[in-house]
Amino acid sequence: MWGFPASHTAQPPTFTAHLSNFSPRNSPKPPISSITIKPSISTTKDTNDKNKLIQSLCKQGNLRQALKLLPHEPNPTQHTYELLILSCIRHESLSCGLQVHRHLVDDGSGQDPFLATKLINMYSELDSIDDARKVFDKTRNRTIYVWNAVFRALALAGHGMDVFELYCRMNWSSGIESDRFTYTYVLKACVASESSISLLRKGKEIHAHVLRRGFEACVHIMTTLVDMYARFGCVLNASCVFDEMPMKNVVSWSAMIACYVKNERPFEALELFWEMTLENRDSLPNSVTMVSVLQACAAIVALEQGKLIHGYILRRGLDSILPVMSTLVTMYARCGKLEIGQRVFDQMDKRDVVSWNSLISSYGIHGYGRKAIQIFKDMISNGVSPNEITFISVLGACSHAGLVVEGKMLFDSMCREHGMYPSMEHYACLVDLLGRANRLDEAAKVVEDMRIEPGSKVWGALLGSCKIHCNVGLAERACKRLFELEPRNAGNYVLLADIYSEAKMWGEVKRVKQLLEAKKLQKVPGCSWIEVRKKVYSFLSVDEFNHQSEQVHALLVKLSTEMKDRGYVPQTGIVLYDLEEEEKERVLLGHSEKLAVAFGLINTNNGEVIRISKNLRLCEDCHSVTKFISKFVNREIVVRDVNRFHHFRDGVCSCGDYW
DNA sequence: TTAGGGTTAG
């Protein structure tokens, strides 16, 4: 529809050269009147015509045509360039962005700080941080907007250290003062660093600057601080900042609730949520708040509270928001109510890849591998493309169900049919799938042949399989690498000690335990939760301060005696402590999961399902004891361990003893 | 011109 002179009708060139190589063009620009426009936009000789045309084309989304007008006289105005840059961002076109930038430099607008800000934003959005930095470096008149733009760009790209270097330069030699935007970006940079150096100390310094400059009432900065401390695991610092905020809004409340969830403090998250709904009328929870709260319910199997929150979501009309509904599906499944999760999914008007992933992983953790594969297929036939997490979910489902052939086919299809390269997580799933199925040699071969350097997740999956199938040699090989990759992860040492213990290699058990002690590392204590009458009770292994401690202990001793009469032999081999046999039995009986089951039996009615969650993998002894109890007292017991669900009914577990 | 919290995973 546009009639251009032949030399100007070509597609815009793709500039890949560095911006420093740009040079003013000497070729004369054709006047705007040489352009034929038809039929709706009229041509006049007004010098504003070109700008109006470009602006109008940008607004219509016709970036290519707008770019074709660039070589014509007169030069575009600042506003025209701004619209062009925004249009390049919208079209996600770096080559068009470079073209606009080149014209802008040629026209002598390269030093305009407004346009420099826009260009930095553009390159940041288009993931070209080096170009963003070059714009900043070349801009001599750096307003606070220019500085803030480069801080934001670098923080988003994970270049935290560069932000601090520039922040110091701004403070010491630019004569420009930080504003409230500067602080939010610089605080973001603390947690978004590619460097392994902890930037927590830097973050605390910025916190001090913020207070010194009197920004303690700025909700944005304070909320960013809460989030920063949350990401560093400093829950106390986060809650201090939150408590002292003179003004809070829904975002601040949500940030604090999310802080508790991220740092495994679901009880505090729920407590704060109820406080927010009951006492704080100014900041009503929104969809973001609900997502965190549902995660908290899922973490501790707080089904009754989860149902209350579901009701709240419906009352507030938040049930059309996809992330909320996907998390709701997950919450029900993780609380053992897969069928309600499925119902929630069925009732959703719209579904995205996350909703499907939620359902796939829900079936996966309950051990329904084939159903998970079927949902994966349904998802594709519904026109939704799988993403990386879809494959992690479906491979995990295969692993739990022992579907080795199907899992391997899915792994291959990732690249072949869906054009995705397997990541570290996918390799870890494959290793887990093979290893759990006692195909350890094959799993080790996968690790050897990986196209990327195997990381701790992959070696960890191999070690986990060695634990299940008691393979000392391979476990030692995995640990050699794991101890280098994550020297402070106590779990790896404990697993190795467990494997040695199983193999009755007591000298080696002792050596690993000494290693743990020397490194001052501590085994994560076993912890289980149970919800009784809408209240969640937690139990720590071998802790005399647990709820109804005496009654619980008495019941367990009674059950243990009954079980022994029926052939139960306590698996004392898994107790790593150097104790007498009787004492080892006492340790086993004090495992948090057994305490929670006994508490459930005492405090719930006959026929009620006992639902428990545990922070670690269920141990062999707890597994066989729970099977026994389910038959002996005729109760359904549902246990979620760190990996999956176990439904105990009439002496049998849904995992088929494969976990 | 610029800003803060959340989806699915093993």
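Below, chains carry the letters A, B, ... as their sequence lines are ordered, and counting in each starts from 1. The figures that follow rest on heavy atoms only: side chains count, while hydrogens, waters and symmetry mates do not.
Side-chain to base pairing of A/Ser254 with B/dG5: one donor and one acceptor N or O lie within less than 3.5 Å of each other. Remark: the A/Asn249 side chain and the B/dG4 base include a donor-acceptor N/O pair separated by less than 3.5 Å.
One side chain, A/Asp179 or A/Thr182, offers a donor N or O that lies under 3.5 Å from an acceptor on the other. Side-chain polar atoms of A/His310 and A/Tyr332 form a donor-acceptor pair below 3.5 angstrom. A/Thr289 and A/Asn286 share a donor-acceptor pair across their side chains, judged by distance under 3.5 Å alone. Between the side chains of A/His400 and A/Tyr368, not a single donor N or O lies within less than 3.5 Å of an accepting N or O.
Checked against B/dT2, B/dT8, B/dG5, the side chain of A/Tyr185 finds its nearest nucleotide in B/dT2. The side chain of A/Ile392 has B/dG10 as its nearest neighbour among B/dG10, B/dA3, B/dG5. Side-chain atoms of A/Cys218 lie closest to B/dA3 of the nucleotides B/dA3, B/dT8, B/dG10. Taking only side-chain atoms of A/Pro323, from C-beta outward, the nucleotide of B/dG10, B/dT7, B/dT1 with the closest atom is B/dT7. For A/Asn357, counting side-chain heavy atoms from C-beta on, the closest listed nucleotide (B/dG4, B/dG10, B/dT8) is B/dT8. When each of B/dT1, B/dG10, B/dG4 is scored by its nearest atom to the side-chain atoms of A/Asp432, the top-ranked nucleotide is B/dG10. Candidate nucleotides B/dT8, B/dG6, B/dA3 were compared by shortest atom distance to the side chain of A/Asp227, and B/dG6 ranks first. Set against B/dG6, B/dA9, B/dA3, the side chain of A/Ser287 has B/dG6 as its closest nucleotide. When each of B/dG4, B/dT1, B/dA3 is scored by its nearest atom to the side-chain atoms of A/Val251, the top-ranked nucleotide is B/dG4. Relative to the side chain of A/Asp352, the nucleotides B/dG5, B/dT2, B/dT7 differ in distance, and B/dT7 lies closest.
At whole-Å resolution of the value, CD1 in A/Ile85 and P in B/dT2 are 14 Å apart. What separates CZ of A/Phe391 from P of B/dT8 is a distance of 19 Å, to the nearest Å. Distance A/Ile468 CD1 to B/dG10 C1': 13 Å, rounded to the nearest Å. Between the CD atom of A/Gln295 and the C1' atom of B/dT8 there is a distance of 10 Å, given to the nearest Å. Rounded to an integer number of Å, the gap from A/Phe273 CZ to B/dG5 P is 20 Å. Here B/dG4 presents its P atom at 15 Å from CE of A/Met228, a figure rounded to the nearest Å. Separating the CD1 atom of A/Ile206 from the P atom of B/dA3 is a distance of 19 Å, rounded to the nearest angstrom. If you measure from atom CG of A/Leu433 to atom P of B/dA9, you get 18 Å, rounded to the nearest angstrom.
Contact annotation: A/Arg351 does not reach the phosphate of B/dT7 (side-chain N/O to OP1 or OP2, under 4.0 Å). A/Lys248 has no side-chain polar atom (N or O) that falls below the 4.0 Å cut-off from OP1 or OP2 of B/dG5. Side-chain nitrogen and oxygen atoms of A/Ser361 include at least one within less than 4.0 Å of the OP1 or OP2 phosphate oxygen of B/dA9. Look at A/Lys262 and you'll find a side-chain N or O under 4.0 angstrom from OP1 or OP2 of B/dG6.
Within the nucleic acid shown, A/Ser355 has no heavy atom closer than 4.0 Å to any nucleic acid atom.
Taking the six-membered ring for Trp and the full ring otherwise, the centers of A/Phe215 and A/His209 sit at least 6.0 Å from each other.
A/His220 does not qualify as a stacking partner of the B/dG4 base, lacking a centre-to-centre distance under 5.5 Å together with planes within 30°. B/dT2 has no base stacking with the ring of A/Tyr145 when judged by centroids under 5.5 angstrom apart and an interplanar angle below 30°.
Annotation for A/Val261 and A/Ala296: closest pair CG2-CB, 4.0 Å, computed over non-hydrogen atoms.
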